[in-house]
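Values below: all heavy atoms of this structure, side chains included; hydrogens, waters and symmetry mates excluded.
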Amino acid sequence: MTATSNIDFNATGVDEILQNVAFILSTYVISCPLYRDFGPPFQLVKRRNTARLIESIQRFVPQAIVIDVDYLGDAYVGKLEPVVKVIVNE
C-alpha cells in the first residue's frame with residue numbers, strides 16, 4: 001500500500017480498511033529535506049516514521065495487520081513514500 005489522495009466516502013469492507021491505511025500513510029511530511037544539517041538523520045527518520053505508522057494503523061485501523069514497511073523515493077531530494085504490506089482481518 002502507498003499513500004492516497006483520492007477518498008471514496010462510500011467505501012466499505014476491505015476497500016474501506018485499505019483506504020484508511022493509505023490515508024494514514026499520506027499524513028507524514030519530512031521537514032527541510034534538502035537541508036541535510038537540519039533535522040534528524042535519514043535512518044532515524046525512517047525508524048521513527050515506521051513506528052508511528054505501525055502505531056497509527058494498529059490504533060485507527062485494527063482490522064489491518066502490518067506485515068512490512070518499506071520506503072520508495074530518495075531522501076536526498078526530499079521524497080520518501082512509505083509502502084506498507086498489510087493483511088486484512090475482517
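Leu80 has its side chain out of reach of Leu72: every pair of non-hydrogen atoms, C-beta onward, lies at least 4.5 Å apart.
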Practice prompt. For side-chain contact (heavy atoms from CB on, under 4.5 Å), just list the numbers for Tyr71 and Glu81, CA-CA rounded to whole Å, side-chain angles, deciding distance to a tenth of an Å, and then say yes or no.
Written response: CA-CA 5 Å; Tyr71 291 86; Glu81 181 178 3; over 6 Å; no
Item to complete: Give the C-alpha distance, both sets of side-chain angles, the deciding distance and a yes or no for side-chain contact (heavy atoms from CB on, under 4.5 Å) between Ile67 and Val86.
Response: CA-CA 5 Å; Ile67 302 300; Val86 297; 5.8 Å; no
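Phe60 and Ile17 fall within the same hydrophobic cluster, where Ile, Leu, Val, Met, Phe, Trp and Tyr residues are linked whenever their side-chain heavy atoms come under 4.5 Å apart, directly or through other members.
The minimum heavy-atom distance between Asp8 and Gln19, with the atom names listed, is N-OE1, 2.7 Å. Residues Val21 and Ala64 share a closest heavy-atom pair of CG2-CB, 3.6 Å.
Interatomic distance, CD1 of Ile57 versus CD of Gln63, reported as 12.0 Å (0.5 Å rounding).
Looking at residues two or more places apart in sequence or on another chain, you find a side-chain contact (heavy atoms from CB on, under 4.5 Å) between Glu16 and Ala11, Asn20. Scanning for side-chain contact (heavy atoms from CB on, under 4.5 Å) contacts around Val14 gives Leu18, Val88, Glu90, with sequence neighbours left out. Residues meeting the side chain to side chain donor-acceptor pair (under 3.5 Å) test with Ser56, sequence neighbours left out: none.
The one candidate from Ile87, Ile54, Val61 that meets the side chain to side chain contact (heavy atoms under 4.5 Å, CB included) condition with Val66 is Ile54.
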